[in-house]
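The block underneath contains the structure these notes are about, expressed in structure tokens.
Labels below follow one simple rule: chain letters A, B, ... track the order of the sequence lines, proteins then strands, and each chain is numbered from 1.
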2 protein chains.
Amino acid sequence: MDSPDSLGPPAGVDQSELIDAMVRTSFVITAVLSKIAAEHELSLTQLRVLAILRDRQGAMSDLATHLGLDKSTISGLVDRAEKRGLLQRTPNPSDGRGVDVALTEEGIELAELGGAEVAQALLPMTSTLTLPEARRVTILLERMLGAR
Amino acid sequence: MDSPDSLGPPAGVDQSELIDAMVRTSFVITAVLSKIAAEHELSLTQLRVLAILRDRQGAMSDLATHLGLDKSTISGLVDRAEKRGLLQRTPNPSDGRGVDVALTEEGIELAELGGAEVAQALLPMTSTLTLPEARRVTILLERMLGAR
DNA sequence: TATTGTTATACTCTATAACTATA
DNA sequence: TATAGTTATAGAGTATAACAATA
């Protein structure tokens, strides 16, 4: 792709610049999410739990799968969130071993508030794109997400 | 921007889809980086320390700034990495309070290995883009990064 | 007085291992 | 036997507060 006498940057530079931009973006996003979580005395992981349960109630094991964490970690996470009144455990009616987790009203409210604050906090970044640009980036990110 | 009788999605959907894609991408990237770090018995933060010091040696306080962490956290981080032989503290010659941190040979090698492994691990995602698409995404991400 | 860094402390996150109960 | 969860334990990451040394 690069001819030997290319005046431009050497082969592979585009890839590494893309990776660099993606990694740096991910750190910025993580920092924004962590800050918003901390303002509500939540960890980033706790905020993720709220976001996951907002979309779909599920078993402890589902949370472990979605978050990529060990079941023992989920127990602790759910313990603390339950103690705060953000979610509730209920035994699974059809499997005596299973425990389902669902947000309480307070948890739903906090999840929605958090989501709105995230959108607000990212606005300075996302609003630098025109609408077609935003759509384009979304499509290309989705394509990459689908390929892993 | 959306006319009242628009047949398409309501206003704001593009923004929220962009945010959703960016947040999910950031979780995927974080997971990839954490996994690679763990394979070398490093935390994600430790890997970031190596990456930062690979580009620029600096004071403890610089690390705190770059990572957005408290100085006391940096002390612990640097303690553990130094114990592993990945970096070295040296007193700052011109400021008796300051401590500079630099990678050892072993640290440099691990930083370079890690960087290569990250590129490799993200290849399935990044290679779904054509070269012009990759350049486009990079430019738009950089624009967003510059705006925060 | 302000800044740089360390230490003590406390809490969360995380995984591993051992356990209970159910399938 | 295998699976779902919990608990005990241990180590890392993190911030706050108190401190020492230097500016």
Subject >> Along DNA chain D, first and last positions that approach a heavy atom of chain B under 4.0 Å >> reply: dA12(D) to dA23(D)

Original post:
Tell me, which pairs form a side-chain hydrogen bond (donor to acceptor under 3.5 Å, both in side chains) where one or both residues lie in residues 121-131 of chain B, sequence neighbours left out?
Top reply: Gln15(A)-Thr126(B), Thr130(B)-Glu133(B)

Original post:
Quantified as the angle between the terminal helix axes (five pairs each), what is the overall bend of the helix from dT1(C)-dA23(D) to dA23(C)-dT1(D) to 10 degrees?
Top reply: 0°

**OP:** Return the set of residues passing side chain to side chain contact (heavy atoms under 4.5 Å, CB included) with Thr104(B) (not counting sequence neighbours), or none when no residue passes.
**Re:** Gln88(B), Glu106(B)

Can you give each donor-acceptor pair under 3.5 Å made by side-chain atoms of residues 76-86 of chain A, sequence neighbours left out, with the distance rounded to 0.1 Å?
unit_1: Asp79(A); atom_1: OD1; unit_2: Arg89(A); atom_2: NH1; d: 2.9
unit_1: Asp79(A); atom_1: OD1; unit_2: Arg89(A); atom_2: NH2; d: 3.0
unit_1: Glu82(A); atom_1: OE1; unit_2: Arg89(A); atom_2: NH1; d: 2.8
unit_1: Glu82(A); atom_1: OE2; unit_2: Arg89(A); atom_2: N; d: 3.0
unit_1: Arg84(A); atom_1: NH1; unit_2: His40(A); atom_2: O; d: 3.4
unit_1: Arg84(A); atom_1: NH1; unit_2: Glu41(A); atom_2: O; d: 2.6
unit_1: Arg84(A); atom_1: NH2; unit_2: His40(A); atom_2: O; d: 3.1

Show me the donor-acceptor pairs within less than 3.5 Å that the side chains of residues 62-71 of chain B make with the rest of the protein, sequence neighbours left out.
unit_1: Asp62(B); atom_1: OD2; unit_2: Ala59(B); atom_2: N; d: 3.0
unit_1: Thr65(B); atom_1: OG1; unit_2: Ser61(B); atom_2: O; d: 3.0
unit_1: His66(B); atom_1: NE2; unit_2: Arg56(B); atom_2: NE; d: 3.2
unit_1: Asp70(B); atom_1: OD2; unit_2: Ser72(B); atom_2: N; d: 2.9
unit_1: Asp70(B); atom_1: OD2; unit_2: Ser72(B); atom_2: OG; d: 2.8

Mind checking whether [X] and [Y] have side chains closer than 4.5 Å, heavy atoms only?
X        : Y         : result
Leu42(B) : Leu50(B)  : yes
Arg54(A) : Ile108(A) : no
Leu18(A) : Asp14(A)  : no
Thr30(A) : Ser34(A)  : yes

Original post:
By side chain to side chain donor-acceptor pair (under 3.5 Å), which residues pair with Asp100(B), not counting sequence neighbours?
Top reply: none

**OP:** Using salt bridge (charged side-chain N to carboxylate O under 4.0 Å, His left out) as the criterion, list what pairs up with Glu105(A), not counting sequence neighbours.
**Re:** none

Original post:
Under 4.0 angstrom, heavy atoms only, what part of the nucleic acid is Leu77(A) near: base, sugar-phosphate, or nothing?
Top reply: sugar-phosphate

Subject >> Whole-Å distance separating the CD1 atom of Ile74(B) from the P atom of dT7(C) >> reply: 15 Å

Subject >> Interatomic distance where CG belongs to Asp70(B) and C1' belongs to dT9(C) [whole Å] >> reply: 14 Å

Original post:
Starting at the 5' end of DNA chain C, which residue's closest nucleotide do you reach first, Gly68(A) or Ser94(A)?
Top reply: Gly68(A)

Would you list the atom pairs, donor with acceptor, under 3.5 Å between side chains in residues 20-28 of chain B and any protein atom, with sequence neighbours excluded?
unit_1: Asp20(B); atom_1: OD2; unit_2: Arg24(B); atom_2: NE; d: 3.1
unit_1: Arg24(B); atom_1: NH2; unit_2: Glu142(A); atom_2: OE1; d: 2.9
unit_1: Arg24(B); atom_1: NH2; unit_2: Glu142(A); atom_2: OE2; d: 2.8
unit_1: Thr25(B); atom_1: OG1; unit_2: Ala21(B); atom_2: O; d: 2.6
unit_1: Ser26(B); atom_1: OG; unit_2: Val23(B); atom_2: O; d: 3.3

Between the protein and nucleotides 2-5 of chain C, list the N/O to N/O atom pairs that are separated by less than 3.5 angstrom.
unit_1: dT3(C); atom_1: O4'; unit_2: Arg97(B); atom_2: NH1; d: 3.3
unit_1: dT3(C); atom_1: O2; unit_2: Arg97(B); atom_2: NH1; d: 2.8
unit_1: dG5(C); atom_1: OP1; unit_2: Val99(B); atom_2: N; d: 2.8
unit_1: dG5(C); atom_1: OP1; unit_2: Val99(B); atom_2: O; d: 3.1
unit_1: dG5(C); atom_1: OP2; unit_2: Ser61(B); atom_2: N; d: 2.8
unit_1: dG5(C); atom_1: OP2; unit_2: Ser61(B); atom_2: OG; d: 3.2
unit_1: dG5(C); atom_1: N7; unit_2: Lys71(B); atom_2: NZ; d: 3.1
unit_1: dG5(C); atom_1: O6; unit_2: Lys71(B); atom_2: NZ; d: 3.0

Original post:
Between Thr73(A) and Arg80(B), which has a closest nucleotide on DNA chain D that is more 5'?
Top reply: Thr73(A)

Subject >> Near-strand residues of residues 23-55 of chain B, defined as heavy-atom separation under 4.0 angstrom from DNA chain C >> reply: none

Subject >> Minimum heavy-atom distance between Met125(A) and Leu145(B), given as atom pair plus value >> reply: CE-N, 4.4 Å

Original post:
Which residue pairs pass the salt bridge (Lys or Arg N to Asp or Glu O under 4.0 Å) test when at least one of the two sits in residues 107-117 of chain B, sequence neighbours left out?
Top reply: none

